[in-house]
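Notes follow the structure.
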Amino acid sequence: MSIGDAMDRLVRGGLPVRFTAYDGSSAGPPDAAIGMHLRNQRGLSFLMTAPGDLGMARAYVSGDLDLTGVHPGDPYDALVLLKDHTKFRVPTPAEALHIARSLGLSHLRPPAPPPQEHLPRWRRAVEGLRHSMVRDAEVISHHYDVSNRFYEKVLGPSMAYTCALYETPDASLEEAQAAKFDLVCRKLDLRPGQRLLDVGCGWGTMVRHAAAAYGVKALGVTLSLEQAQWAKEAIDREGLADLAEVRHLDYRDVVETGFDAVSSIGLTEHIGVRNYPAYFTHLRDRLKPGGRLLNHSITRPSNGRKETGAFIDRYVFPDGELIGSGTIITAMQDQGLEVQHSENLRLHYAATLRDWNRNLVDHWDECVAEVGEGTARVWGLYIAGSRVGFERDEVELHQVLATRNDADGRSGFPMRPDW
């Protein structure tokens, strides 16, 4: 049996793409606009030892599996086609044995995974408890300490690695990111002289926007050393050192209190659902009575517990956890915060991801030179796949606004939102 024969057997209704392999075999329509080529035996071993998304990702990231008809910086069209028209079936034990013998039992010995792949969950448990400070610092570094230069090319001048806000369909990525940060500032009702804490601040864009546009004294904290260093340089370059500060620090180590507002933009995904009570208690305790908290995070469309897929967990967000906005709202309320408003920006994130893919395509050679083709392929695949997820309502993005009320219940919140 050839590799192409095996693919034909395992896909219900046949492949929607043209599949070719190094043994000269093929499957799928010859005139398909998008193709997939398996280059070597190591790629076959990846597919046989980790059937499904993880094996294909390993082969693709290693350069053993190529896609044609799409750019590696934006394989969106290929992912949509495969998602909509590829249904793998589980072979019977006898059939699986026949396929393995035909293709070579030696391919059942797993090759070493690509260097971009993080440890599996069970190995991470040996390194430290999930969401402990030590383990969180390590997995955050794995994702964010890639290369500031690489992020500059993909994210653009805003250096904002979170969902933007497209006020018009033709808004640019930079306009949309500025609109997002301004919306957060308006929801928090920031005013000159107030104090803002931004946890998980990334490259400090929220901190700098709040300081420059609203005259707020802003403190940001991040677990990524490279982000903190970049943010400090940007603060100095923009002459904001008297108002803005970014520290390389775990949010749990922030001891200051009495902030007028707290923003958390893209941090909740990393802290673990079981840690929500401690997380929201800590943020509430940083606020003074009447202060506001804005939590901006990726969510699921339901509140059932579900582990992140293998590709995302191994290559993108190790230890990341998502849950529905209802769970987040419940956790905020249970810790004494009054939820004032919730907003879903799901389609805005799909547009954001589209623009990140465009940036990666436009700067592909520079990105490959900076981080290597394997890492660049990971990002193209991850961004495009995430875009499909947001478009299909498999994931969402919620901003939840809450207040820490006075003892007598006063929140300072208007009768109707004023943004």
Side-chain angles (χ1 to χ4, degrees), residues 34-37 39 43 46 53 56-80 113-118 139-164 172-177 202-205 222 224-231 233-234 237 266 298 311-318 320 349-390:
I34 293 175
M36 184 184 296
H37 179 65
R39 298 178 60 184
F46 279 133
D53 294 347
M56 294 187 72
R58 285 172 171 170
Y60 180 71
V61 171
S62 297
D64 302 328
L65 180 68
D66 285 331
L67 290 173
T68 58
V70 292
H71 192 285
D74 186 6
Y76 172 82
D77 290 339
L79 298 185
V80 169
Q116 292 81 8
E117 183 170 319
H118 200 64
V139 297
I140 289 295
S141 177
H142 172 85
H143 186 68
Y144 292 102
D145 291 342
V146 176
S147 160
N148 283 334
R149 183 64 176 162
F150 172 80
Y151 280 111
E152 287 172 355
K153 294 299 180 184
V154 176
L155 303 181
S158 69
M159 286 297 275
Y161 187 30
T162 49
C163 174
S172 69
L173 175 61
E174 291 310 305
E175 291 169 339
Q177 289 292 8
W203 291 270
T205 313
T222 173
S224 167
L225 179 59
E226 289 198 18
Q227 284 183 336
Q229 292 172 338
W230 192 98
E233 292 173 2
R237 185 170 61 248
I298 301 172
F311 171 69
I312 294 293
D313 184 65
R314 299 283 190 92
Y315 285 87
V316 185
F317 289 118
Y349 215 155
T352 306
L353 291 156
R354 174 204 64 204
D355 287 349
W356 288 345
N357 270 133
R358 287 175 179 172
N359 282 345
L360 182 54
V361 170
D362 290 344
H363 301 285
W364 179 255
D365 291 342
E366 296 162 276
C367 288
V368 169
E370 185 67 25
V371 300
E373 184 169 355
T375 298
R377 283 188 172 210
V378 167
W379 281 83
L381 188 63
Y382 146 61
I383 297 172
S386 297
R387 176 185 170 189
V388 176
F390 279 99

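Keep in mind that the numbers below use all heavy atoms, side chains included, and drop hydrogens, waters and symmetry copies.
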Check the pair F390, I298 against side-chain contact (heavy atoms from CB on, under 4.5 Å), reporting the backbone distance first and the verdict last. CA-CA 10 Å; F390 279 99; I298 301 172; 3.9 Å; yes

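Close placement of the W379 and Y161 rings is indicated, their centers lying within 6.0 Å of each other.
V70 and D77 get closest at one heavy-atom pair: CG1-CB, 4.1 Å. Contact detail for Q177 and C163: the closest heavy-atom pair is OE1-O, 3.9 Å. Among all heavy-atom pairs drawn from V154 and C367, the shortest one is CG2-SG, 4.1 Å. In terms of heavy-atom proximity, N148 sits nearest to M159 at O-CE, 3.9 Å. Contact detail for A160 and T205: the closest heavy-atom pair is N-OG1, 4.3 Å. Of all heavy-atom pairs spanning E370 and S147, the tightest one is OE2-OG, 2.8 Å.
To the nearest 0.5 Å, atom CG of residue L360 and atom NE2 of residue H71 are 7.5 Å apart. Distance check: I383 CD1 to R358 CZ gives 13.0 Å after rounding to the nearest 0.5 Å. How far CE of M56 is from CG of D64: 12.5 Å, rounded to the nearest 0.5 Å. One distance of note links CG of D53 with CZ of R58; it measures 12.0 Å at 0.5 Å rounding. A distance of 11.0 Å separates CD in Q227 from CD in Q229, rounded to the nearest 0.5 Å. In this structure, CG in L67 is found 7.5 Å from CG in L79, a value given to the nearest 0.5 Å.
No side-chain heavy atom of S386 sits less than 4.5 Å from a side-chain heavy atom of Y349. Contact annotation: the side chain of F311 approaches that of L381 to within less than 4.5 Å [non-hydrogen atoms, C-beta and beyond]. At a threshold of 4.5 Å between non-hydrogen side-chain atoms, the residues V80 and V388 count as touching.
A ring-ring contact (aromatic ring centres under 6.0 Å, His included) with Y151 holds for exactly one of W203, W356, W230; it is W203.
Not a single donor-acceptor pair under 3.5 Å links the side chain of D313 to the backbone N or O of G320. With hydrogens and angles disregarded, a donor-acceptor distance shorter than 3.5 Å links the side chain of E174 to the backbone of S158. Checking side-chain atoms of E175 against main-chain N and O of S172 turns up a donor-acceptor pair under 3.5 Å.
The residues R377 and D66 are annotated as salt-bridged, a charged nitrogen and a carboxylate oxygen being separated by less than 4.0 angstrom. We find that E366 and K153 are joined by a salt bridge, their nearest charged nitrogen and carboxylate oxygen being less than 4.0 Å apart.
Surrounding CG of D362 are more than 12 heavy atoms belonging to other residues, nucleotides or ligands, all under 6.0 Å away.
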